[in-house]
Asks: 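Structure below; questions to follow.
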Amino acid sequence: MNQACAPTQCPEAAEAQLLPAELGALYAAHSRAIYYLALRFLGDSHKAEDATHDVFLKALRHLNQFRGEASARTWLYRIAINHCKNMRAAWHDRHVLPSSESEVFERLPGGDSPLRILETKELGGRIQKALDGLKAEYRLLLLLVSDQELSYDQAGALTGQTADAVRGKLFRARKAFADLFQKTG
Amino acid sequence: MKQHNKFSTGRHQEQTAESQTAHMGAREFQSVEDLLRHDAAQTAVPPEIARRLRQSIAQSAPPRRPWWRKLMG
């Protein structure tokens, strides 16, 4: 996923042509990945729009600090993760959050079997509901490793842990997600 | 498509539900990551973001130097 594509294939690539060149290239290649991370991490399309806008604006302002030691994708993810966490923290301060939805869902056995589902319009909603029920750390890890451009090492660097720790947590995250996802059906 | 809807309605509706299900088809994902990749591929970036970015960049650009400043160096 999240490969850069031609303007005829991706609307975001066409939109990127209207941005300043240095930002346009970044936007065309990475806006889908950043928007998706923000959308599923924050669970709100309006907040995800705000976050994606802010991430690319910050990237443009700090472009001189990007020396190419990390990949552009990793650099943008780092900005996005910090920004989304700050947004969640600010929101949390203003609202009383209900207890984790994972407590609401009953635990189900299994989770290692393939996910056989009907493609419906509600798929995105079901995915969001299952992600919302996960610990924030698990949610973030699943979203990061689902990006094929990112290695476990890079996901670990972005979340401040080793690749082995990422693997261990992913095992539990996948199982918890699968259980929650079945419950949404 | 929830099963209780399918079975709680009449036969005509039941057939409709079945045909819709057949039309949509089931899809199997080998992993959670596959499911999320599929979801990401289906998720379009709202064009509003690029428009807002253009506006923000235009507003934050430094003011252009007046012509007489350019002449005076």
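In what follows, chains are A, B, ... by sequence order, proteins preceding strands, each numbered from 1.
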Asks: For R172(A) and Y138(A), which I'm curious about, is there any donor-acceptor pair between the side chains at under 3.5 Å?
Replies: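 Per modelled atom types, R172(A) and Y138(A) side chains form a pair under 3.5 Å.
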Asks: Is L142(A) in contact with chain B via its backbone, its side chain, both, or neither, using a 4.5 Å heavy-atom distance?
Replies: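 Both parts, backbone and side chain.
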Asks: Is the terminal nitrogen or CZ of R167(A) (NZ for Lys, CZ for Arg) located under 6.0 angstrom from the six-membered ring centre of Y152(A) and within 45° of that ring's axis?
Replies: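 So R167(A) doesn't make the cation-pi contact.
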Asks: If we define contacts as heavy-atom pairs under 4.5 Å, which of H53(A), R61(A), E49(A) has the most with chain B?
Replies: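 Result: the option with the highest number of such pairs is H53(A).
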Asks: Is the F29(B) ring parallel, tilted or perpendicular to the H38(B) ring (thresholds 30°, 60°)?
Replies: tilted
Asks: Select one option (side chain, backbone, both, neither) describing which atoms of Y27(A) are under 4.5 Å from chain B's heavy atoms.
Replies: side chain
Asks: Given heavy-atom pairs under 4.5 angstrom as the criterion, report whether the side chain, backbone, both or neither of L39(A) touches chain B.
Replies: side chain
Asks: Ignoring hydrogens and geometry beyond distance, is a side-chain donor-acceptor pair present between Y36(A) and D147(A) at under 3.5 Å?
Replies: no
